[in-house]
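Right, one structure below, let's go through it.
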Amino acid sequence: MVRSVDFPLIFERSVPGRRGVRPPVCDVPVQPLADLLGTENLRTEPPALPEVSELDTLRHYTRLSQRNYGIDIGFYPLGSCTMKYNPRINEKVAALSGFAHAHPLLPESLAQGALQLMYELQEDLKAITGFHAVTLQNVAGAHGELLSLMLIKAYHESRGEGAKRKVVLVPDSAHGTNPATAAMCGFRVQSIPTDSEGNTDLDALRAALSEEVAAMMLTNPSTLGLYDRNAQKACELLHEAGALVFCDGANMNALVGIVQPAAIGFDCMHLNLHKTFSTPHGGGGPGAGAVGVSERLEPFLPVPRIIRTDEGRYALSYDHPHSIGRVHAFYGNFLNLVRAYAYIRAYGGEGLRTIAEHAVLNANYLLSRIREAFPPAIDRICMHECVVTAQRYKQTQGVRAFDIAKRLLDYGFHPPTMYFPLIVPECLMIEPTETESKQTLDMFANALLTIAREAMEQPERLKNAPHTTPVRRLNEASAAKNLVLRWQGEVVYPQEVPACAC
Ligand SMILES: Cc1ncc(COP(=O)(O)O)c(C=O)c1O
């Protein structure tokens, strides 16, 4: 394990008998622990904990917290997976006791506020996407993908075509969750290439269509950060072949208030509420992957559905005989729904459109600053993210996109997504999001341009980066597989702890 730069670990600061608190002497009779717990449950030795003062403890945790990198510290330009700033008002609203402490088994009569919020969020998402109905049960984008394919499967089965429609088409630029979802759902995956302009290759699509095709999973904007100009035609072709089209909506940040995916011809889509509509989601969760569907898929939506009765009350409705059933306990990650609702209501229609416009503007500005050093994979106006290649440095200097990403750490930036989409060699995928200022984008662009110069002049500096971080370059595979999450050094502790020796 590589040590932190120069500050002793909390274990090294430990002094036998040192204490952070001095509890008052107990003035009531104390029942012996052995009577309470049973002798067999008592420790024979004290735990191997560091013995430190309150101040040492405070500094230890404060120091640790400062080693974290997050959107609250600096620019976080991950592509594909929007890591945007989440306004604090959303957290405040989600922490309101009526929401945060609502029990999921509350009777409907006592949960009217929560049900109303979910109902209105469904309505807002219908307006944003143009779909006929929305469910909020899903708790991740990939979960929304799964539900969408389950609905499509149920649709084909209801028409007696379940047995023959076994193939799902997935573009070669797709996020890995797409083919994985199709396979999990029991479909055979067939890859569809991207054409030279970054759109779905329509000739290849035509050639792949048959009565066996159940659906296509299409990401728009694509993971190349481009609007798929062939999406509408692709939907038409699939419908003519009796298949349906799912839209991977993880990139909706570019389209909110501008394009309704249902109008393009999609039959269903997932929305990553935890990306587009603002929830902190580092470290894998919790998420919310709402799904919107067209009229023909509505009967199969999961129950319970959240409805408004003729009397204006909100209710959970189970009376949907064709429903595929539940896909999650209760109603999804409710507090993420609260955050998304707060976000949507705080900005309103005009505000959301402005957000999308700024996201696209920022990505294009950044691309214009770095394109000489890092050319775009496909030379078009990009959407909310730009996909560039560092191939030139690999070919001439042996410097990989990976080395460039590591060097960015020395300049104080979180690296962008690397090596995705898979079809772009030495790929860097950068999504600045709408909230970053021109100054931040310039700082990031300047860092990338400096690194590009370094790649030509001192390539070894990049190959050994990072140089300034608490831990240097790790073997990523073994770091991920053999996690070292706690201090495992040899520490000798006293067997007996004196009462107090602060
Ligand atoms: C294009 C695309 N699709 C699907 C997903 C999966 O979303 P989630 O991580 O919420 O499961 C992602 C996540 O980054 C994505 O970028």
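Just follow the structure's listing: the first ligand is 1, and inside any ligand the first atom is 1. Note that these values count all heavy atoms, side chains included, but never hydrogens, waters or copies made by symmetry.
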- Message: Side chain or backbone, does Ala142 bring an N or O within less than 3.5 Å of an N or O on ligand 1?
- Response: yes
- Query: So, Asp172 side chain and Ser191 main chain: donor-acceptor pair closer than 3.5 Å or not?
  - Reply: no
- Message: Going by the closest heavy atom to atom 7 (O) of ligand 1, which one wins out of Glu385, His175, Lys275?
- Response: Lys275
- Message: Could you identify the single nearest non-hydrogen protein atom to atom 3 (N) of ligand 1 and state the distance to 0.1 Å?
- Response: Asp248 OD2, 2.6 Å
- Message: Using a plain distance cutoff, I'd like to know if His274 has any nitrogen or oxygen under 3.5 Å from a nitrogen or oxygen of ligand 1.
- Response: yes
- Task: Would you mind telling me which of Arg165, Arg188, Lys164 makes a side chain to side chain donor-acceptor pair (under 3.5 Å) with Glu212?
- Result: Arg188
- Side chain, backbone, both or neither: the part of Ser80 lying under 4.0 Å from ligand 1 by heavy atom: both
- Item | N or O contact, Gly141 vs ligand 1, cut-off under 3.5 Å | yes
- Query: Is a side-chain N or O of Tyr419 found less than 3.5 angstrom from the main chain of Phe402, in a donor-acceptor match?
  - Reply: yes
- Identity and separation of the nearest protein heavy atom to atom 2 (C) of ligand 1: Ala250 CB, 3.3 Å
- Query: Taking all atoms of both residues into account, what is the closest heavy-atom pair of His320 and Ser317, and its distance?
  - Reply: NE2-OG, 2.7 Å
- Message: Is there a polar contact between ligand 1 and Thr219, counting only N or O atoms under 3.5 Å apart?
- Response: no
- Message: Checking the side chain of Asn362 only, and the main-chain atoms of Ala359 only, is there a donor and an acceptor separated by less than 3.5 Å?
- Response: no
- Per side chain to side chain donor-acceptor pair (under 3.5 Å), Tyr76 is matched among His414, Lys84, Glu431 by His414
- All heavy atoms of Val327 vs all of Gln137, minimum pair found to be N-OE1, 2.9 Å
- Query: Identify the closest protein heavy atom to atom 4 (C) of ligand 1: which residue and atom is it, and at what distance?
  - Reply: Glu145 OE2, 3.2 Å
- May I ask you to identify, for His143, whether its side chain, its backbone, both or neither come under 4.0 Å of ligand 1 on a heavy-atom basis? neither
